[in-house]
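Read the numbers this way: they start at 1 and go in the same order the structure lists the ligands and their atoms. In what follows, every heavy atom counts, from backbone to side chain, and hydrogens, waters and symmetry copies are set aside.
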Amino acid sequence: MKTPLVEIDGDEMTRVMWGMIKEKLLLPYIDLKTKYYDLALEHRDETDDQITIDAAVAIKKYSVGVKCATITPNAARVKEYNLKQQWKSPNGTIRAILDGTIFRKPIMVRNIKPAVRNWKKPIILGRHAYGDVYKNVEYRINGPGRVELVFTPENGEEEVRHTIHEFSKPGVVQSIHNLDASISSFAEACFSYALDQRVDLWFSTKDTISKIYDSNFREIFEQIYEEKYRGKFEDAGITYFYTLIDDAVARIIRSEGGMVWALKNYDGDVMSDMLASAYGSLAMMTSVLVSPHGYFEYESAHGTVQKHYQRYLRGEPTSTNPVALIFAWSGALRKRGELDGTPELVIFADKLEASVIRTIEEGIMTGDLAKLAEPPAKRVVYTEEFIEEVTKRLAEGW
Ligand code: NAP
Ligand code: MG
């Protein structure tokens, strides 16, 4: 390897699998170089969470990172780990520093059929992660009165005032906002990731109803496309397609898949859960944070799999699925190879992924997949055995 990867270690069962993957699937085959950041919850606590900021800054320096799942502490975790405070979500901190958008992509194998039969290729979902209903102001109206929306310009110009509703009876009210800069970053990340993956980009909002708010999203996407991406998309043979959200949902269900689907915050929240369950398993979903400045951070979409970790601590072997974590590594290595111009690394990433897929398609899989497999699994294995089987196939193909 020419340039190191930023390696961000994490917690619980995913930390255990992280070690296995490095030892069995990476170190024997490549001269792995990483800048290591340990985001284990104890270490975040020790460093007052500085380590999370350092990791994000390192991704800005080296462009590519790979991250293990980490605990986002709640009250129970504060007690369990005797924390100084309830540290924020590391993913939130890293995303804020990199100004990135998260894309989720399912890993497909022949013997796990998506709930939607005609989906042959992955649908990659990109969710805008700022504003709208997630930063709303809302309250209950208990009696008659007028609710208004008021803008007070700082430059002394006249205020703008609109009546939302003259309430004669009780009800509820909500207001939301978004920012051009955030929408532009989101659009940039979507165009650049679609180009990176060489697949079409779809974007959908409800701009027929929301003629200013949602239309603003549409216009920003269109403007960025025309100014910066039309030529690149045409050269790559891919298209940018805007359609109304209802039309998009109907078309997605009838499609073969194989696109990036960009969605506003709420739509993305809802649709990402629908896609994850329709494709089969959270353990087969990868996630990549793409910044508009060209930084990439790869991880699995699932968490630290705490329940399995508790069994592991009792000395019981677990059948936890390492596939999304392996693909986080292969995704990061492939990107590193592309940026450094080291095709061997790209080929290794391809072979690693192919070995994982072959193992599952030959009927050897962890328990979560065995519940879904068609035809049924030949052997249901523990995590270590699964990785062992992948190693065998990797060694054959290397
Ligand atoms: P989770 O770790 O995703 O696990 C939820 C359940 O999904 C598991 O109990 C397991 O079901 C199944 N599962 C998930 N990944 C699996 C895998 N690789 N192999 C097999 N089964 C898998 O979610 P959680 O239990 O709600 O969260 C645990 C911790 O993870 C929390 O502290 C949370 O803060 C953190 N988290 C981190 C991230 C991240 O860093 N990106 C994301 C989400 C959550 P069964 O028990 O039925 O087998
Ligand atoms: Mg959701």
Open item on the list: I want to know if ligand 1 touches Lys371 in the polar sense, i.e. an N/O pair below 3.5 angstrom.
Closed with: no
Task: Thr366 contact mode with ligand 1 (heavy-atom cut-off under 4.0 Å) - done: neither
Task: ligand 1 versus Met13: contacting region, heavy-atom distance under 4.0 Å - done: neither
Is at least one protein non-hydrogen atom found at under 4.0 angstrom from [atom]?
atom                    : value
atom 12 (C) of ligand 1 : no
atom 6 (C) of ligand 1  : no
atom 36 (N) of ligand 1 : yes
atom 40 (O) of ligand 1 : yes
atom 48 (O) of ligand 1 : yes
atom 26 (O) of ligand 1 : no

If only side-chain N and O atoms count, and only distance matters, is there a donor-acceptor pair under 3.5 Å linking [Y] with [X]?
X      : Y      : value
Asp340 : Thr342 : no
Asp99  : Ser185 : yes
Tyr130 : His177 : yes
Trp261 : Ser204 : yes
Asp132 : Tyr213 : yes

Provide, to 0.1 Å, the distance between [atom] and the closest protein heavy atom, together with that atom's residue and name.
atom                    : value
atom 28 (C) of ligand 1 : Thr304 OG1, 3.5 Å
atom 14 (C) of ligand 1 : His302 CB, 3.9 Å
atom 45 (P) of ligand 1 : His308 NE2, 3.7 Å
atom 17 (C) of ligand 1 : Ala283 CB, 3.5 Å
atom 34 (O) of ligand 1 : Thr72 N, 2.9 Å
atom 42 (C) of ligand 1 : Gly303 CA, 3.7 Å
atom 20 (C) of ligand 1 : Asn321 N, 3.7 Å
atom 4 (O) of ligand 1  : Val305 CA, 4.2 Å

- [ ] Sort out for me which residue in Val16, Leu26, Leu27 forms a side chain to side chain contact (heavy atoms under 4.5 Å, CB included) with Ile21.
- [x] Leu26
Cation-pi geometry met for [X] and [Y] (6.0 Å, 45°):
X      : Y      : answer
Arg15  : Tyr312 : no
Lys232 : Tyr229 : yes
Lys335 : Tyr298 : no

Open item on the list: Between Asp45 and Lys84 (side chain of the first, backbone of the second, donor and acceptor by atom type, cut-off under 3.5 Å), is there such a pair?
Closed with: yes
If you count the atoms of ligand 1 from 1 in the order shown, which ones are under 4.0 Å from a heavy atom of [X]?
X     : result
Asn91 : 39 (C), 41 (N)
Lys67 : 40 (O)
Ala69 : 40 (O)

Open item on the list: I'd like to know if Arg77 contacts ligand 1, where contact means a heavy-atom distance under 4.0 Å to any ligand atom.
Closed with: yes
- [ ] Could I get the full list of ring-ring contact (aromatic ring centres under 6.0 Å, His included) partners for Phe386, not counting sequence neighbours?
- [x] none
Open item on the list: Given Glu299, which partner from the list Arg95, Lys67, Lys105 fulfils the salt bridge (charged side-chain N to carboxylate O under 4.0 Å, His left out) test?
Closed with: Lys67
